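The shown structure was predicted, so the numbers you read here are calculated from the model rather than taken from an experiment. FYI, the numbering just counts along the sequence from 1.
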Amino acid sequence: MILCEEDFRLGGRLLSDRAEIDAKPAAVWAAEAERDLRAMDNVTVMPRGAVFGVYDGGTYAALERVGDHLIVPAPHQPRQRLWRIVAKSAVVATGTLRAPHRLRRQRPAGVMLASAARTYLNRFAAAPARRMCVFTTTDDGWSTVADLQAAGVHVEAVIDPRPEVSETLLSLAEWAGTEVYLGGHVVGVSGGAGVTGLEIALDGTTTTRVRTDGLAVSGGFNPALGLTSHLGSRPQWLEEVAAFVPGEMPPGMSVAGSVWGRFGLGRVLADGAAAGGAGGRGPGLRGAAPARAPGA
């Protein structure tokens with residue numbers, strides 16, 4: 001079994017989001033899972049390895065970055081290595097890409113995806129700004145609000161184009177003294193080397209300005225389904241998540257998690273366990289009980 005991960009650590013969003021799996025922080029759970037996988041003699045873990053091509057006969061192409069991250073690579077080692085992998089089965093768990101919000105006016109430094117802001121905070125312990133605003137079209141963006149507040153970053157305002165959100169989310173903003181603009185849109189960002197303020201449209205005609213050092217944007221999710229279409233399969237529209245998901249799968253390939261339009265940590269864990277168990281059965285391999293997240 002070969003596990004390819006384009007990052008240098010396994011875990012994906014578990015490294016950047018505050019969540020729990022099996023009653024422990026998700027990042028800790030991911031580190032323990034990686035340790036267990038590396039201890040298995042029939043498993044090859046390939047960090048910094050990106051699968052970029054799918055071909056006939058269960059053939060996959062992967063690029064491993066061997067020494068690109070090193071100032072001085074080890075003697076007689078390449079910087080990159082190209083792998084040709086022929087597999088009986090493969091599970092694609094590439095997740096989703098966060099959709100940005102298109103601004104009508106300039107976009108100076110300090111405008112970032114809401115998921116990137118959480119990565120700065122939770123994975124690298126770095127505050128992306130002293131005062132920040134969050135624009136979000138989904139409840140996921142409000143998780144960034146909570147994480148910013150927990151890290152001591154003041155959230156000046158939350159702009160959500162939806163006409164209403166849950167009282168729980170509103171109380172989160174009220175507790176921290178954060179302005180909430182429901183039905184609002186960010187139409188402009190001022191600043192040069194960094195963000196200094198936002199222009200928010202409230203009803204199509206009225207605008208207001210907010211001073212801030214940064215803007216975190218959450219515009220929804222687009223499944224990263226590229227690998228599933230390399231052999232001609234066409235994506236299909238899934239109204240439930242308002243996004244395209246993989247269509248008919250190539251022989252020997254299956255998908256798991258949010259790339260399939262299945263969101264929520266508990267659902268993703270269960271889906272991954274099912275796909276891995278179905279695709280990874282063979283000599284010396286056996287399925288394990290799926291991990292559990294709170295509420296799953």
Side-chain angles (χ1 to χ4, degrees), residues 1-17 26-98 113 115-116 119-120 122-124 222-233 246 249-260 268-269 271-273 275-285 288:
M1 181 178 293
I2 299 175
L3 177 57
C4 292
E5 167 57 65
E6 63 180 354
D7 202 341
F8 63 90
R9 287 182 58 191
L10 303 188
R13 289 304 306 173
L14 297 182
L15 306 178
S16 301
D17 290 345
V28 173
W29 180 89
E32 293 177 354
E34 180 173 359
R35 179 200 62 200
D36 293 343
L37 287 167
R38 289 183 179 276
M40 299 178 183
D41 56 11
N42 57 354
V43 175
T44 297
V45 178
M46 189 187 297
R48 298 187 175 90
V51 178
F52 65 86
V54 182
Y55 307 94
D56 292 329
T59 302
Y60 300 82
L63 180 67
E64 180 188 10
R65 301 186 303 279
V66 179
D68 279 347
H69 60 292
L70 302 174
I71 298 176
V72 181
H76 313 297
Q77 286 290 326
R79 285 191 173 272
Q80 298 178 345
R81 181 181 290 120
L82 180 65
W83 287 83
R84 178 177 178 270
I85 303 170
V86 180
K88 292 182 178 180
S89 62
V91 177
V92 175
T94 45
T96 58
L97 303 174
R98 269 58 176 179
L113 292 175
S115 56
T119 297
Y120 277 117
N122 301 324
R123 184 172 179 181
F124 299 113
N222 293 320
L225 45 71
L227 292 176
T228 67
S229 60
H230 282 197
L231 291 180
S233 175
M249 302 302 297
M253 179 187 289
S254 59
V255 293
S258 56
V259 68
W260 199 234
V268 166
L269 290 171
D271 199 42
R281 292 194 181 99
L285 297 175

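Counting only residues at least two apart or in different chains, salt bridge (Lys or Arg N to Asp or Glu O under 4.0 Å) contacts with residues 1-15 comprise Asp7-Arg123, Arg13-Asp17. The salt bridge (Lys or Arg N to Asp or Glu O under 4.0 Å) analysis of residues 68-93, with sequence neighbours excluded, yields the pairs Glu64-Arg81.
Residues passing the side chain to side chain contact (heavy atoms under 4.5 Å, CB included) test with Val255 are Val92, Thr228, Pro246, Met249, Val259, Trp260, sequence neighbours excluded. The side chain to side chain donor-acceptor pair (under 3.5 Å) test applied to Ser16 returns Thr119, not counting sequence neighbours. Every side chain to side chain contact (heavy atoms under 4.5 Å, CB included) that Leu231 has, sequence neighbours left out, goes to Val54, Asp56, Pro250. Scanning for side chain to side chain contact (heavy atoms under 4.5 Å, CB included) contacts around Phe52 gives Tyr55, Ala61, Leu63, Leu82, with sequence neighbours left out.
Smallest separation of non-hydrogen atoms from Ala30 and Gly11: CB-CA, 4.0 Å. Minimum heavy-atom separation, Ala224 to Thr94: O-OG1, 2.6 Å. Closest heavy-atom contact between Pro73 and Ile71: CD-O, 3.8 Å.
With Asn222 contributing its side chain and Leu97 its backbone, the two residues share no donor-acceptor pair below 3.5 Å. Side chain of Thr96 to main chain of Ser258: no donor-acceptor pair is present (N/O by atom type, distance under 3.5 Å, no hydrogens or angles).
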**Item:** Arg65 and Phe8: CA distance, side-chain angles, deciding distance, side-chain contact (heavy atoms from CB on, under 4.5 Å) verdict
**Value:** CA-CA 10 Å; Arg65 301 186 303 279; Phe8 63 90; over 6 Å; no
**Asked** Would Leu3 and Thr44 satisfy side-chain contact (heavy atoms from CB on, under 4.5 Å), going step by step from the backbone distance to the final call?
**Response** CA-CA 6 Å; Leu3 177 57; Thr44 297; over 6 Å; no
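For the atom pair CZ of Arg48 and SG of Cys4, the computed distance is 14.0 Å after rounding to the nearest 0.5 Å. Between the CG atom in Asn122 and the OG atom in Ser115 there is a gap of 11.5 Å [rounded to 0.5 Å].
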Show the atom names and distances, to 0.1 Å, of all donor-acceptor pairs under 3.5 Å that link a side chain in residues 31-39 to residues at least two apart or in another chain.
unit_1 : atom_1 : unit_2 : atom_2 : d
Glu32  : OE1    : Lys24  : NZ     : 2.8
Glu34  : OE1    : Leu10  : N      : 3.4
Glu34  : OE2    : Arg38  : NE     : 3.2
Glu34  : OE2    : Arg38  : NH2    : 3.2

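Within a 6.0 Å sphere centred on OH of Tyr60, heavy atoms belonging to other residues, nucleotides or ligands number more than 12.
Here the side chains of Ile2 and Ile85 are in contact, with some heavy-atom distance below 4.5 Å.
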